[in-house]
Student: 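Below is the structure I would like to discuss, written out as structure tokens.
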Amino acid sequence: MNLIMDALACGYRNHAVVRDISLTLEKGDVLCLLGPNGSGKTTFFKTILGLLKSLQGKIYLGGEDIKRWPHSKIARAIGYIPQTHHPQFPFKVIDIVLMGRTAHLGPFAAPSAKDAAIAEEALDILQIDYLKERIYTELSGGERQLVLIARALAQQSSILLMDEPTASLDFGNQVLVLNRIQQLARSGLSIIMACHFPEHAFLYGTKALLFKEGAVYGFGSPERTVTEDNIKALYGVEVEIAEVDTRQGAAVKVCVPCNTNYHLRMSLGGLKNVQTA
């Protein structure tokens with residue numbers, strides 16, 4: 001289902017935190033949301049999830065205005081993966097993933113065999129079925145994040161919202177999680193992902209949305225939207241964006257602060273024709 005936003009304004013008590021959001025998210029899109037802290041990303045997510053009422057404009061999913069939907073219907077259509085999750089009880093991984101079926105259950109209903117099968121399928125899709133009987137609180141940060149994605153998959157939603165899914169992860173786990181996200185998009189899910197690294201938009205995004213001072217500063221393809229001038233406007237830092245050739249012969253874009261150590265920048269040959277070893 002396509003997600004359409006028309007002149008959307010989000011905020012609290014009639015005070016708009018972010019406004020003038022008009023966009024279309026199509027099946028398989030990965031929308032990377034960039035902006036400084038406090039620019040409205042979390043408020044934007046809460047509005048899509050129905051936790052906050054929009055101050056203005058409309059959100060359409062599958063052609064329907066979701067403002068009229070009950071929370072249970074929104075939960076079945078839109079999954080959410082938080083930045084961090086600290087459970088108080090040592091649940092097994094399979095139990096955490098089964099919690100994603102809550103939106104499909106009636107009051108006081110217990111998960112059925114079908115729900116359990118859907119939860120196990122979500123673990124299989126992410127290739128983490130081997131974690132099924134592990135205790136969630138004993139997992140690494142990357143493993144926990146993949147389990148949270150599996151929980152969202154168990155909702156069988158068509159849209160996934162991810163609030164900085166690689167925050168606090170080491171480099172290896174960042175790549176692991178982002179690769180899984182890319183695979184999910186290729187399978188047809190639409191994803192909105194808040195991130196702080198422009199490279200994530202270049203590597204994994206199909207669209208980019210920039211927030212600054214309560215308004216949309218840019219929207220479009222990452223190549224046209226995530227520019228040196230726009231990064232400076234968002235974060236107040238000078239950067240250079242250039243291409244690096246990979247071993248596979250593809251060119252990828254990187255973003256380097258202009259005050260990076262001179263010797264490092266020289267060792268990259270100005271970044272314009274860099275090739276990996």
Side-chain angles (χ1 to χ4, degrees), residues 1-4 25 27-28 42-54 58-163 165 177 180-181 183-185 187-193:
M1 291 189 288
N2 286 359
L3 179 68
I4 299 173
L25 188 68
K27 183 177 180 180
T42 299
T43 304
F44 177 57
F45 276 174
K46 287 181 177 179
T47 305
I48 298 173
L49 291 167
L51 302 177
L52 287 175
K53 290 184 178 181
S54 59
K58 304 288 185 181
I59 302 175
Y60 298 98
L61 187 55
E64 297 183 20
D65 184 352
I66 68 171
K67 184 181 286 188
R68 304 177 183 275
W69 288 9
H71 289 299
S72 58
K73 186 173 181 179
I74 294 176
R76 289 193 294 271
I78 304 174
Y80 174 62
I81 296 94
Q83 182 182 134
T84 57
H85 182 234
H86 302 290
Q88 301 300 313
F89 302 100
F91 292 108
K92 288 184 178 180
V93 164
I94 187 62
D95 295 325
I96 293 289
V97 178
L98 263 174
M99 292 176 188
R101 299 299 300 161
T102 302
H104 297 267
L105 303 178
F108 309 111
S112 65
K114 178 182 177 181
D115 294 315
I118 290 171
E120 293 199 16
E121 182 182 10
L123 291 170
D124 288 338
I125 289 172
L126 292 171
Q127 302 173 26
I128 55 171
D129 52 300
Y130 62 90
L131 296 175
K132 181 171 66 173
E133 298 299 323
R134 292 276 303 277
I135 301 300
Y136 178 78
T137 53
E138 298 175 359
L139 301 181
S140 70
E143 290 170 334
R144 285 192 190 186
Q145 201 67 358
L146 289 173
V147 171
L148 293 180
I149 295 173
R151 184 180 67 178
L153 287 181
Q155 290 180 228
Q156 296 186 317
S157 55
S158 57
I159 309 287
L160 291 183
L161 304 185
M162 299 185 174
D163 190 0
V177 169
R180 292 289 188 271
I181 291 171
Q183 290 168 8
L184 293 175
S187 74
L189 286 174
S190 301
I191 295 168
I192 301 178
M193 178 175 71

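Here the structure is a predicted model, which means the values were calculated and not measured. The first residue in the sequence is number 1, and the count goes up from there.
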Student: Between A77 and L61, which heavy-atom pair has the shortest distance, and what is it?
Tutor: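 The pair with the smallest heavy-atom distance is CB-CD2, 3.6 Å.
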Student: Closest heavy-atom contact between K92 and I135?
Tutor: CG-CD1, 4.1 Å
Student: Could you measure the distance from the CG atom of D163 to the NZ atom of K46? Nearest 0.5 Å is fine.
Tutor: 10.0 Å
Student: In a check of side chain to side chain contact (heavy atoms under 4.5 Å, CB included) between R144 and each of T137, V93, L131, which one passes?
Tutor: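 One option only clears the test, and that one is T137.
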Student: How many angstroms lie between CG in L52 and CZ in F45, if you round to the nearest 0.5 Å?
Tutor: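 Between L52 CG and F45 CZ, I get 13.5 Å after rounding to 0.5 Å.
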Student: Nearest 0.5 angstrom please: L160 CG to I181 CD1, how far?
Tutor: 8.5 Å
Student: Closest approach of A150 and L123, non-hydrogen atoms and distance?
Tutor: CB-CD2, 4.1 Å
Student: Which heavy atom of F44 sits nearest a heavy atom of I192, and at what distance?
Tutor: CE2-CG2, 4.4 Å
Student: Roughly how far, to the nearest 0.5 Å, is the CD1 atom of I78 from the CH2 atom of W69?
Tutor: 7.0 Å
Student: Give, for atom CD1 of I4 and atom CD1 of I59, the distance between the pair rounded to the nearest 0.5 Å.
Tutor: 11.5 Å
Student: With a 4.5 Å limit on heavy-atom distance, are the side chains of V97 and F91 in contact?
Tutor: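 No, their side chains stay 4.5 Å or more apart.
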Student: Test E143 against I128 for side-chain contact (heavy atoms from CB on, under 4.5 Å), laying out the working first.
Tutor: CA-CA 8 Å; E143 290 170 334; I128 55 171; over 6 Å; no
Student: By salt bridge (Lys or Arg N to Asp or Glu O under 4.0 Å), which residues pair with E120, not counting sequence neighbours?
Tutor: K132
Student: If I compare all heavy atoms of I74 with all of I66, which pair ends up nearest, and what's the gap?
Tutor: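 Smallest interatomic distance, heavy atoms only, reads CD1-O, 3.9 Å.
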Student: Go through Q183 and I125 one step at a time and tell me if the side-chain contact (heavy atoms from CB on, under 4.5 Å) criterion holds.
Tutor: CA-CA 9 Å; Q183 290 168 8; I125 289 172; over 6 Å; no
Student: Would you say the side chain of I159 lies within less than 4.5 Å of the side chain of S190, judging by non-hydrogen atoms?
Tutor: yes
Student: Could you list all the salt bridge (Lys or Arg N to Asp or Glu O under 4.0 Å) pairs where at least one residue sits in residues 122-131, not counting sequence neighbours?
Tutor: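 Those involving residues 122-131 do not exist here.
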Student: Given the rule in the side-chain contact (heavy atoms from CB on, under 4.5 Å) test, do L126 and L184 qualify, once you have shown the distances and angles that lead to the verdict?
Tutor: CA-CA 9 Å; L126 292 171; L184 293 175; 4.2 Å; yes
Student: Does A154 offer a backbone N or O that forms a donor-acceptor pair with the side chain of R101 under 3.5 Å?
Tutor: yes
Student: Just wondering, do R180 and Q145 contact through their side chains at under 4.5 Å, heavy atoms?
Tutor: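 Side chain of Q145 against side chain of R180, heavy atoms only: no contact under 4.5 Å found.
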Student: Which of these passes side chain to side chain contact (heavy atoms under 4.5 Å, CB included) with R76: Q155, Q156, H104, H71?
Tutor: H104
Student: Nearest heavy-atom pair of P111 and L105: which atoms, and what distance?
Tutor: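 Here P111 and L105 meet closest at N-CD1, 4.0 Å.
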Student: With rounding to the nearest 0.5 angstrom, report the CZ to CG distance, R134 to L139.
Tutor: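 Separation between the atoms: 5.0 Å.
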